[in-house]
Amino acid sequence: MYTQAMDTMPKELGEAPKTLRSADELALQERFDARIDAGDFIEAKDWMPDNYRKTLLRQISQHAHSEIVGMLPEGHWISRAPTLKRKAILLAKVQDEGGHGLYLYAAAETLGTSRDQMVNALHTGKAKYSSIFNYPTLTWADVGTIGWLVDGAAIMNQVPICRCSYAPYARAMIRICREESFHQRQGFDSLLVMMKDGTDAQRAMVQDAVNRWWWPCLMMFGPPDDQSPNSAQGMRWGIKRVSNDTLRQKFVDATVDQAKLLGVTLPDPDLKWNEERGHWDFGAIDWAEFFRVVAGDGPCNQERLAQRVQAWDDGAWVREAALAHARKQATKQQAA
Ligand code: FAQ
């Protein structure tokens with residue numbers, strides 16, 4: 001059903017001449033399509049079409065980069081956390097995000113691309129990472145708001161990926177989602193303490209943070225379905241299980257009641273319950289801002305990338321030492 005009997009060349013090389021596939025390749029493609037239709041998982045050693053491999057690599061590596069760059073906005077607050085308890089929680093959370101990046105790079109490596117190649121694509125600006133991490137964390141309330149809203153949006157998007165057709169990605173996501181759920185709850189708890197027991201200034205700080213993060217969080221789910229070039233194929237292959245707009249709506253529906261519990265308002269005058277749809281209606285998203293941020297012109301894009309490159313350069317001696325140790329061990333083993 002998904003078989004493309006003709007190969008196509010990369011877009012940049014222009015219109016592709018049509019090349020016939022061998023009978024063996026067509027049989028492999030048919031078996032692959034049947035497995036996808038049956039809801040089977042595909043493992044790294046299984047045959048897969050080139051474009052399936054490329055699509056997975058694109059999504060998993062972008063996801064891994066998002067986790068690693070995503071450590072930076074909250075990481076800035078570790079040394080300024082208000083109490084020992086909050087510092088311990090934040091340290092654990094930021095370390096978890098680093099771990100998520102590593103599981104995901106490992107899943108992407110099973111598709112035949114090295115970690116060095118992926119990191120190089122990030123550092124040279126060729127690879128994307130989530131738009132959300134290009135916004136600044138101005139106050140302590142931003143840390144709780146990231147937990148509540150950013151991790152909340154991340155879970156909404158990532159739970160369906162636990163059923164992704166590519167098994168190494170699905171397995172990584174099961175572990176990641178368990179940890180993201182703790183992240184969301186710690187963020188909500190941190191904000192609730194400030195809203196319930198805090199001063200007026202602290203409550204105003206929370207409201208200000210929610211006002212700044214709300215719209216960028218809605219953008220995290222990606223462009224509207226009718227402007228999402230990768231959705232149709234991603235969904236046919238079972239890489240993506242739920243559309244960008246459906247997940248965005250689910251997130252809004254889940255979050256409105258949580259905002260009421262917290263005692264904050266969401267910065268959208270058009271937010272209202274629609275009895276007929278059984279969902280919350282919400283206002284227009286500024287897609288021009290989203291595309292600007294994704295193209296590199298957000299408030300913190302340059303700073304985030306510069307920090308990642310600096311961290312990579314600073315860690316060069318660790319990589320060199322590890323390689324020297326591995327060489328020494330290999331020589332010892334050969335001599336024994
Ligand atoms: N930012 O055709 P679609 C987290 C790009 S992890 C930047 O709809 P697709 C944990 C998209 O790549 C957050 N770019 O694409 C945490 C594509 O560009 P390309 C990350 C975006 O793949 C919490 C183009 O626009 N999560 O938060 C964004 O079908 C707290 C057209 O879009 C994941 O990566 C965006 N927001 O759907 C960490 C989850 N949205 O590649 C620290 C896995 C879209 O053609 C602290 N990924 N683009 O050049 C996915 O589910 C999907 O890839 C989507 C995009 C839904 C993000």
Side-chain angles (χ1 to χ4, degrees), residues 11 51 54-77 90 93-101 103-104 107-108 121-122 125-135 137 142-164 166 169-170 172-173 176-177 179-184 186-187 213 215-237 239-248 251 285 287 289-296 298 301 304:
K11 267 186 253 157
N51 282 338
K54 272 190 209 150
T55 300
L56 278 167
L57 256 174
R58 178 188 64 80
Q59 178 167 325
I60 305 173
S61 63
Q62 283 179 10
H63 193 168
H65 299 325
S66 302
E67 301 280 357
I68 299 290
V69 176
M71 297 167 76
L72 298 171
E74 289 167 284
H76 289 310
W77 281 90
L90 184 56
K93 179 188 190 291
V94 172
Q95 282 176 3
D96 281 353
E97 308 297 4
H100 297 174
Y103 310 151
L104 290 165
L122 173 70
K126 289 188 196 115
K128 291 191 169 76
Y129 58 87
S130 181
S131 49
I132 195 72
F133 302 118
N134 292 308
Y135 290 85
T137 37
D142 287 38
V143 172
T145 306
I146 289 179
W148 174 41
L149 294 180
V150 176
D151 285 277
I155 298 172
M156 198 57 91
N157 163 270
Q158 291 173 4
V159 166
I161 309 177
C162 297
R163 291 183 291 114
C164 167
Y166 188 56
Y169 190 24
M173 288 318 303
I176 291 174
C177 284
E179 292 174 356
E180 296 290 20
S181 143
F182 146 70
H183 296 171
Q184 196 266 353
Q186 66 79 37
W213 287 93
W215 291 106
C217 279
L218 295 192
M219 295 173 196
M220 273 179 81
F221 295 93
D225 291 349
D226 58 4
Q227 293 170 50
S228 163
N230 302 302
S231 274
Q233 186 65 72
M235 289 184 81
R236 274 201 295 277
W237 274 329
I239 293 172
K240 206 168 171 170
R241 295 285 183 188
V242 187
S243 85
N244 298 358
D245 284 333
T246 306
L247 288 171
R248 193 173 1 256
F251 174 72
I285 294 171
W287 289 112
E289 173 180 324
F290 169 78
F291 287 114
R292 223 173 29 245
V293 174
V294 173
N301 295 57
R304 301 286 186 245

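As the structure lists them, so they are numbered: ligands from 1, and atoms in each ligand from 1. Because only heavy atoms are used, hydrogens play no part in the values below, and waters and symmetry mates are left out as well, while side chains stay in.
- Remark: the H65 side chain and the Q62 side chain contain no N/O donor-acceptor pair separated by less than 3.5 Å.
- In terms of the salt bridge (Lys or Arg N to Asp or Glu O under 4.0 Å) criterion, D225 has no residue partners (sequence neighbours excluded).
- Within the 4.5 Å cutoff, the side chain of P73 has heavy atoms near those of the R304 side chain.
- Remark: F290 pairs with W287 by the ring pair (Phe, Tyr, Trp, His ring centres under 6.0 Å) rule, at least two apart or across chains.
- Sorted by first and then second residue, the salt bridge (charged side-chain N to carboxylate O under 4.0 Å, His left out) pairs involving residues 150-163 (not counting sequence neighbours) are K93-D151.
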Between ligand 1 and the protein, which N/O pairs fall short of 3.5 Å?
unit_1: ligand 1; atom_1: 1 (N); unit_2: S131; atom_2: N; d: 2.8
unit_1: ligand 1; atom_1: 1 (N); unit_2: S131; atom_2: OG; d: 3.4
unit_1: ligand 1; atom_1: 2 (O); unit_2: S228; atom_2: OG; d: 3.1
unit_1: ligand 1; atom_1: 2 (O); unit_2: P229; atom_2: N; d: 3.3
unit_1: ligand 1; atom_1: 2 (O); unit_2: N230; atom_2: N; d: 2.9
unit_1: ligand 1; atom_1: 2 (O); unit_2: N230; atom_2: ND2; d: 3.1
unit_1: ligand 1; atom_1: 8 (O); unit_2: S228; atom_2: OG; d: 2.7
unit_1: ligand 1; atom_1: 8 (O); unit_2: N244; atom_2: ND2; d: 2.8
unit_1: ligand 1; atom_1: 12 (O); unit_2: Q62; atom_2: OE1; d: 2.8
unit_1: ligand 1; atom_1: 12 (O); unit_2: Q62; atom_2: NE2; d: 3.3
unit_1: ligand 1; atom_1: 15 (O); unit_2: N230; atom_2: ND2; d: 3.3
unit_1: ligand 1; atom_1: 18 (O); unit_2: K128; atom_2: NZ; d: 3.3
unit_1: ligand 1; atom_1: 22 (O); unit_2: R58; atom_2: NH1; d: 3.1
unit_1: ligand 1; atom_1: 22 (O); unit_2: R58; atom_2: NH2; d: 3.1
unit_1: ligand 1; atom_1: 29 (O); unit_2: K240; atom_2: NZ; d: 2.6
unit_1: ligand 1; atom_1: 36 (N); unit_2: S131; atom_2: OG; d: 3.1
unit_1: ligand 1; atom_1: 36 (N); unit_2: M220; atom_2: O; d: 3.2
unit_1: ligand 1; atom_1: 37 (O); unit_2: K240; atom_2: NZ; d: 3.0
unit_1: ligand 1; atom_1: 41 (O); unit_2: R58; atom_2: NH1; d: 2.9
unit_1: ligand 1; atom_1: 41 (O); unit_2: Q62; atom_2: NE2; d: 2.7
unit_1: ligand 1; atom_1: 45 (O); unit_2: N230; atom_2: ND2; d: 3.0
unit_1: ligand 1; atom_1: 49 (O); unit_2: K128; atom_2: NZ; d: 2.5
unit_1: ligand 1; atom_1: 51 (O); unit_2: N157; atom_2: ND2; d: 3.0

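- Using the six-membered ring where Trp is involved, H63 and Y169 have ring planes that are perpendicular, over 60° apart on the 30 and 60° scheme.
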